2 protein chains.
Amino acid sequence: MTAYSIQSSKDSQRAASLSEWETAVIDLFLNAAMSVGLPKSLGQIYGLLFCRDEPLAMDEIMKLLSVSKGSASQGLRSLRHLGAVKSQFLPGQRKEHFVAEIRLRKLVSGFLKEQAEPHLEKGKARLSHLQELVDATEDLNSAERGRKKMNILAGWHRQVGKLLPLVKLIVGKTERSHKR
Amino acid sequence: MTAYSIQSSKDSQRAASLSEWETAVIDLFLNAAMSVGLPKSLGQIYGLLFCRDEPLAMDEIMKLLSVSKGSASQGLRSLRHLGAVKSQFLPGQRKEHFVAEIRLRKLVSGFLKEQAEPHLEKGKARLSHLQELVDATEDLNSAERGRKKMNILAGWHRQVGKLLPLVKLIVGKTERSHKR
DNA sequence: CAGTTTGTTCATTTTTTCTTGAACAGGCAT
DNA sequence: ATGCCTGTTCAAGAAAAAATGAACAAACTG
């Protein structure tokens, strides 16, 4: 026996399908995700949760977006990792339910932390590796040129390292100044 | 008759192969390009030009990186479009020669202008389309929810729109303060 | 003008990335 | 325990993106 009788008709209608504007919002996030190099399904899932006020379970997400179990599971994992969704335990419900994080500051800082900072770290290692290679260069002209370029790269690295915290700060500040 | 005799032996040696550190730098830019969603070949080409002080012609780039004519041509076009390389006409040489733009500020603002701003523009259009869809929604609860979400999106849009110019400004400022 | 050199375009192929779904694992209830 | 409900993993398939190279165009050369 199915659990239909437990849901109010309004609820089941709510979850059953997407309204036009919701579809448009989901498409918007799909495009946004792609434009920052994230898989489409991440954008779709986030977009859906963004549209809804009530927490959704994975199987509802799968139905509404027509995505596979695998995509839903992995997508939600990534989103959680980015800090873009959080799971919320509903009393009496066994399934895990998800809601979207809608504070831009959180979204941005999560994205930067996961996507940008690792690259910066790796960059540091690369720079010192580079140092060794330049130092080991026989041709003196080439070595000199190498040193020059390395200095440029080191400068860039420093600047980008400074930029990231500033971005978080700015988004946070402007966000607050606009709230209500 | 080939034009070999015109080049000094030192020059032809210079162009003939990559030193170890150059290979490493090129690889660094390859990874950097991928991490911001640009094709690898863009990164490679930029990396090579970054390493060299002398302008390079397309056929030299092809040889040094072992990329096809098509990739080189398209890659250089994109890089020029991004403001990351400029072509330099050498007296007496028929081929077009390229040099890398190494001012971070230019690189960042070019990237933002080409990659971010178009999305922001499209976002504006999407938002007004969304407005129409929400207004046309029958279900009053859904419409109300839609309005709420739209306001959030509009706020984000405004904030990101403010952020971009600030980023350019900051990179410019810190860059100057570190020079020399 | 005919022949070269230089560079672009684009259909095809190759590579990479994303999605799918079946097998699996853990937990809850009976 | 046994069977069910949730969710994860991962090999295989599908889709998207990028690289290739041959055909083409344009501009110079003699």
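As the structure is a computational prediction, the values presented were derived from the model and not from experiment. Chain letters run A, B, ... following the sequence lines, proteins first, then strands; residues in each count from 1.
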### Query
For the pair made of CD1 in A:Ile61 and P in C:dT19, what is the distance, rounded to whole Å?
14 Å

### Task
Figure out the NZ/P separation between B:Lys63 and D:dT20, and round it to whole Å.
16 Å

### Task
State which residues pass side-chain contact (heavy atoms from CB on, under 4.5 Å) with A:Leu90; sequence neighbours excluded, sorted by chain then number.
A:Pro55, A:Gln88, A:Gln93, A:His97

### Query
Salt bridge or not for A:Arg126 and B:Asp27, using N-O below 4.0 Å?
yes

### Message
Closer than 4.0 angstrom, basic N to acidic O: yes or no for A:Glu96 and A:Arg80?
### Response
yes

#### Entry: Under 4.0 Å protein heavy-atom contacts per nucleotide of nucleotides 2-18 of chain C, with B for base, S for backbone only and - for none
---BSBBBB-------S

#### Entry: Residue pairs fulfilling ring pair (Phe, Tyr, Trp, His ring centres under 6.0 Å) with at least one residue in residues 61-84 of chain A, sequence neighbours excluded
none

## Note on the structure
The side-chain contact (heavy atoms from CB on, under 4.5 Å) partners of A:Gln74 (sequence neighbours excluded) come to none

### Task
Starting at atom CD of A:Gln93, determine the distance to atom C1' of D:dG7, rounded to an integer number of angstrom.
16 Å

#### Entry: Within 45° cone and under 6.0 Å: A:Lys86 NZ/CZ vs A:Phe98 ring
no

### Residue-level proximity of residues 42-51 of chain B to DNA chain C when a heavy atom falls under 4.0 Å
none

List the atom pairs, donor and acceptor, that lie under 3.5 Å between side-chain atoms in residues 129-138 of chain B and the rest of the protein, sequence neighbours left out.
{"unit_1": "B:Thr137", "atom_1": "OG1", "unit_2": "B:Leu133", "atom_2": "O", "d": "2.9"}
{"unit_1": "B:Thr137", "atom_1": "OG1", "unit_2": "B:Val134", "atom_2": "O", "d": "3.1"}

### Query
Are A:Asp53 and B:Lys148 close enough for a salt bridge, meaning some N to O gap below 4.0 Å?
yes

### Short side-chain N/O contact from A:Ser68 to OP1 or OP2 of C:dG21, under 4.0 Å
no

